[in-house]
Amino acid sequence: MELIQNTPDLSAYLAADEVIDHDHPIVREVAARLAREAVDSYAYARLSFEFVRDTIPHSQDSGDLRVTWRASDVLEQGTGICYAKAHALAALLRAEDIPTALCYQKFDVVHGLVAVRFNGAWHRQDPRGNKPGVDAQFSLDGELLAFTPEPESNEMDYPVLYAEPHPVVLSVLKAAPDRPYLWKTLPTAL
């Protein structure tokens, strides 16, 4: 699948905004801590991915009722669904000048992940969090995502790489008072 930037301006994939708030002190502190452990930007990207995947539980898996959507809130509260975890990873990567896009897959509901740009190409990564039957890994040598769509089941990868969260995804996150409500309103398509 060919990934398509929704804007040709690569600097858009480095920008901070209300959601990917990589200028926030919490994001800066976590980024600085991870950067001290990394020998280069590739190692930093892997460490950031593993940090979000492994230390921030997916709220559905952990039973956490809180809904987070802003990267700094995800890091501060230590919880989020796939979209929120993707926002946190994007913020950590952008904090260290690694172009990062948000991207999506369609299953029963829309699933969120990121793509990082290395060596002139985009590479999708899924920080959702591993559990039995889910083993996502950081890779630039082929995708090792949490889920693989089955086209015969009407599942798909959306090819568009967004510089900002998709408006449908963001509006659902912002409107949800808790995760049970969110689960009833998750988008089924973009």
Side-chain angles (χ1 to χ4, degrees), residues 3-59 64 66-104 110-129 136 138-140 145-146 158 160-174 176:
L3 298 173
I4 305 161
Q5 292 178 207
N6 77 325
T7 177
D9 181 6
L10 196 57
S11 69
Y13 298 94
L14 292 168
D17 59 28
E18 175 190 27
V19 178
I20 303 170
D21 57 343
H22 63 74
D23 49 357
H24 190 282
I26 290 172
V27 178
R28 300 302 309 168
E29 185 275 320
V30 173
R33 183 167 24 101
L34 293 169
R36 283 192 296 274
E37 299 174 30
V39 297
D40 57 22
S41 60
Y42 174 80
Y44 174 82
R46 177 186 295 277
L47 284 170
S48 297
F49 169 83
E50 291 171 351
F51 175 83
V52 173
R53 181 194 66 191
D54 299 342
T55 66
I56 299 172
H58 189 286
S59 59
D64 196 316
R66 296 173 292 171
V67 174
T68 54
W69 52 269
R70 184 178 289 116
S72 58
D73 293 339
V74 174
L75 296 174
E76 182 176 43
Q77 295 180 37
T79 191
I81 67 165
C82 60
Y83 311 128
K85 291 182 69 158
H87 299 164
L89 180 56
L92 290 172
L93 295 172
R94 289 181 184 187
E96 291 295 314
D97 294 322
I98 298 170
T100 307
L102 299 167
C103 46
Y104 303 93
V110 174
H111 174 62
L113 51 158
V114 303
V116 296
R117 189 162 178 90
F118 277 104
N119 304 321
W122 289 101
H123 307 272
R124 293 189 310 163
Q125 313 295 326
D126 191 343
R128 180 228 178 270
F138 184 85
S139 175
L140 302 181
L145 305 176
Y158 289 106
V160 178
L161 301 174
Y162 295 90
E164 299 172 344
H166 193 283
V168 169
V169 168
L170 189 56
S171 66
V172 165
L173 286 169
K174 285 182 165 185

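Given the structure is predicted, the values throughout are model-derived calculations rather than measurements. Counting from 1, the numbers follow the sequence of the chain as shown. For the numbers below, each heavy atom of this structure counts, side chains included, while hydrogens, waters and symmetry mates do not.
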To the nearest 0.5 Å, how far apart are [atom1] in [X] and [atom2] in [Y]?
X    : Y    : atom1 : atom2 : value
H22  : E96  : NE2   : CD    : 10.5 Å
R124 : L3   : CZ    : CG    : 6.0 Å
L93  : Y44  : CG    : OH    : 6.0 Å
Y162 : C103 : OH    : SG    : 10.0 Å
S41  : F118 : OG    : CZ    : 4.5 Å
L173 : I81  : CG    : CD1   : 5.0 Å

Flag side-chain contact, heavy atom, 4.5 Å: P165 against W69: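 Of all side-chain heavy-atom pairs linking W69 with P165, none is under 4.5 Å.
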Min side-chain heavy-atom separation V67-Q77 under 4.5 Å: no
Between [X] and [Y], is there a donor-acceptor pair closer than 3.5 Å when you use the side chain of the first and the backbone of the second?
X   : Y   : answer
R94 : A16 : no
D21 : D23 : no
K85 : G80 : no

Report the residues that fulfil side chain to side chain donor-acceptor pair (under 3.5 Å) with [X], sequence neighbours left out, ordered by chain and then residue number.
X    : result
R46  : Y42
H111 : D126
E164 : none
D73  : R70

Identify every side-chain donor-acceptor pair in residues 49-57 under 3.5 Å, counting partners at least two apart or on other chains, and give the distances.
residue	atom	partner	partner atom	Å
R53	NH1	A136	O	2.8
R53	NH1	Q137	OE1	3.3
T55	OG1	F51	O	2.5

Heavy-atom pair with the smallest gap, counting every atom of [X] and [Y]:
X    : Y    : result
A45  : I98  : CB-CD1, 4.2 Å
A101 : L161 : CB-CB, 3.6 Å
L102 : A90  : CD2-CB, 4.2 Å
G112 : C82  : N-SG, 3.3 Å

W122: ring pair (Phe, Tyr, Trp, His ring centres under 6.0 Å) partners, not counting sequence neighbours: Y13
Test log, rule side-chain contact (heavy atoms from CB on, under 4.5 Å), inputs Q5 and L10: CA-CA 9 Å; Q5 292 178 207; L10 196 57; 4.1 Å; yes
Stepwise side-chain contact (heavy atoms from CB on, under 4.5 Å) check, L113 with Y104: CA-CA 6 Å; L113 51 158; Y104 303 93; 5.7 Å; no
List the residues meeting side chain to side chain contact (heavy atoms under 4.5 Å, CB included) with [X], not counting sequence neighbours, and say none if there are none.
X    : answer
S171 : none
L14  : P99
N119 : none

Salt bridge (Lys or Arg N to Asp or Glu O under 4.0 Å) against R128, all qualifying residues, sequence neighbours excluded: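 Result, salt bridge (Lys or Arg N to Asp or Glu O under 4.0 Å) vs R128: D61.
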Set of residues satisfying salt bridge (Lys or Arg N to Asp or Glu O under 4.0 Å) with respect to D64, sequence neighbours excluded: R66
S11 and D9 side chains, donor-acceptor separation under 3.5 Å: yes
Can you give each donor-acceptor pair under 3.5 Å made by side-chain atoms of residues 29-37, sequence neighbours left out, with the distance rounded to 0.1 Å?
residue	atom	partner	partner atom	Å
E29	OE2	R33	NE	3.3

